[in-house]
**Q** 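Could you have a look at this structure, given as structure tokens, before my questions?
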Number of protein chains: 2
Amino acid sequence: MARVAATGRKPLEAPSADTRERILDTAERLFAERGYSAVSTRNITDEAGVNIAAIHYHFGSKEAVLDAIFKRRLDPINRRREQLLEVCDRAGADGSVMTDILAAFIGPTLELGGTEGERNFKLLAGRASTDPNPEVKRVLFTVYDSVARRFLEVLAKACPDLSPQEMFWRVACVYGAMMYIRADNSRLQHIFGEEFSLSDAKGALRYAIPFLTAGMTAPPVDRPAPAVQRKTRSRNAK
Amino acid sequence: MARVAATGRKPLEAPSADTRERILDTAERLFAERGYSAVSTRNITDEAGVNIAAIHYHFGSKEAVLDAIFKRRLDPINRRREQLLEVCDRAGADGSVMTDILAAFIGPTLELGGTEGERNFKLLAGRASTDPNPEVKRVLFTVYDSVARRFLEVLAKACPDLSPQEMFWRVACVYGAMMYIRADNSRLQHIFGEEFSLSDAKGALRYAIPFLTAGMTAPPVDRPAPAVQRKTRSRNAK
DNA sequence: AAATTAGTCAAGCGCCTGTTTGAAATAGTT
DNA sequence: AACTATTTCAAACAGGCGCTTGACTAATTT
């Protein structure tokens, strides 16, 4: 009781879940705002209002904090992705399934943004995707590898005409677009005007997924399409 | 003479262009490898084999080094981009010009890679694009703003059917793909296999530009295409 | 009520940060 | 040969880094 009264925060059920969560929330925000390398453990504990030793008591290291942040948000998202991909996989391989596959993979991450914490994580995830820091790369690898492989399986099944090379480059474009939208650097916003924002999840789903669908279903470069293949691409009714 | 003999490097014409260039080359490599925030001025001067004070004598600050790195590589590239965009602009607005516009904007940066320094810069440019550090953002802004506006002008002219919203999101996808390819994080390579690499400039131009062309020329979501519009999209002869 | 456990705390470990200094060495000019 | 301007140098500035320690408080178990 004394602790709660002293810090003046709302009482919480578990005694130290408070400290743990406050560290995660604060670190999530600071990593998103300044980047992993530019944030110190002291920055985190100071802003979270906890003792400097709390990070190493509860997590063990700065890297472990990043890992916990990603696991906390991504575990449910990845479960949802796999579930949606399963549906697409069973639906078979006609041209129209591409939109659903992309939506299954991209949607759950772009829809984040209901809470401030989710918004921060979305930024962090996008910005971390090109962070060369070995600690960041290690965390991302352990957290993304499995679902990324599943995504590629389903995708390959839906695009039997694409050579591995072509699939590689198309997937890179999809990844790039998704990560850039998540990262939401304000450069395009500055050029187009303040009324546009990459953090607008509805816009992302409405416009980016058709763009990427068109790219994924375009006639292959390697073996020009066998003339029969001709797909409708204007299905934008949700 | 004594200095050259002592360091065992090839003699150079200008007296201190040596030190300046060595700092730029080394910083370019380290920033690319570890990220701007994770590299210290001492890391740079140590590896460059120059005195710790040289950075502030020749540049004034760490941020000014980053700025000089970008200006050195990007000034010729941006001149080339503007020249190529000019040609597209004059060519008028039929559907086939989209590939040329994208190639004009993306090509000159993806073609980098002839020297080790160019390869390092390509990585750095991609990775910096989502770096939230304010120093990095400031440098990128001053260096990219002008040519980005020109690109958008030409693009808008070639896509008269797209609403501003839709243009915004499509351009975001193009930017994202380009930056992700430049950044060349090794995650996709790890999944697809070592024989695939995002640093392969020929592959990027061969496969990514058709992908993005398909996305940019897809029927608009906002006002479904006026049924007349039907574009050929299989022009892959260079 | 005693013993155990979980959590918090201020202080400090050795090392690194971006930047500055004033003197020494070198190069270019007269 | 003397003089000036440019460049390099070791040393140091105040402060921050990730992480550890050992004492202390508070809740839980026995």
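Every chain is numbered from 1, with letters handed out A, B, ... down the list of sequences. Bear in mind the structure is a predicted one, so any value in this text is a computation, not a measurement. Reckoned from all heavy atoms, side chains included, excluding hydrogens, waters and symmetry mates.
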**Q** Hey, does the side chain of A:H56 come within less than 4.0 Å of D:dT20's phosphate (OP1/OP2), counting only N and O?
**A** no
**Q** Give the rounded distance in Å between these two atoms: CD1 of B:I44 and C1' of C:dC16.
**A** 14 Å
**Q** Where the side chain of A:Y57 is concerned, which of D:dT7, C:dT17, C:dT8 is the nearest nucleotide?
**A** C:dT8
**Q** Could you work out, with ring pair (Phe, Tyr, Trp, His ring centres under 6.0 Å) as the rule, every residue matching B:F168, not counting sequence neighbours?
**A** A:F192, A:F196
**Q** D:dT8, OP1 or OP2 - any side-chain N/O from B:H58 closer than 4.0 Å?
**A** yes
**Q** In whole Å, I'd like the distance from the CG atom of B:D46 to the P atom of D:dC9.
**A** 12 Å
**Q** Any donor-acceptor pair under 3.5 Å linking the side-chain atoms of B:S197 with those of B:D200?
**A** no
**Q** Can you tell me the distance, in whole Å, between the CG atom of A:D18 and the C1' atom of D:dA26?
**A** 15 Å
**Q** Is there side-chain contact between B:K122 and B:T109, with heavy atoms separated by less than 4.5 Å?
**A** no
**Q** Please examine the side chains of A:I181 and A:Y207, heavy atoms only from C-beta on, and report whether any two atoms are closer than 4.5 Å.
**A** no
**Q** Look at all strands and tell whether B:V65 reaches a base, only sugar-phosphate, or nothing, counting heavy atoms closer than 4.0 Å.
**A** nothing
**Q** According to side-chain contact (heavy atoms from CB on, under 4.5 Å), who are the partners of A:N51, at least two apart in sequence or on a separate chain?
**A** A:A53
**Q** Just to confirm, is there a sub-4.0 Å distance from OP1 or OP2 of D:dG16 to any side-chain nitrogen or oxygen of A:S40?
**A** no
**Q** What's the CD-C1' distance between A:E63 and D:dC17, to the nearest Å?
**A** 16 Å
**Q** In whole angstrom, give the distance that lies between atom NZ of A:K62 and atom C1' of C:dC16.
**A** 13 Å
**Q** Does the structure place the NZ or CZ of B:K62 under 6.0 Å from the centre of the six-membered ring of B:F31, at an angle of no more than 45° from the ring's axis?
**A** no
**Q** Rounded off to whole Å, could you give me the CZ-to-C1' distance for the B:F59 and D:dT7 pair?
**A** 14 Å
**Q** Is the B:Y175 to B:F105 ring centre distance short of 6.0 Å?
**A** yes
**Q** Rounded to the nearest angstrom, tell me the gap between atom CD1 in B:I55 and atom P in D:dC9.
**A** 14 Å
**Q** Contact class for B:T41 vs. all strands (heavy atom < 4.0 Å): base, sugar-phosphate, or nothing?
**A** base
**Q** Counting just side-chain N and O atoms, does A:T19 come under 4.0 Å of either OP1 or OP2 of C:dT8?
**A** yes
**Q** Polar atom pairs between nucleotides 10-15 of chain D and protein, under 3.5 Å, N or O only, would you list them?
**A**
| from | atom 1 | to | atom 2 | distance (Å) |
| --- | --- | --- | --- | --- |
| D:dA10 | OP2 | B:N51 | ND2 | 3.4 |
| D:dA10 | N7 | B:N51 | ND2 | 3.3 |

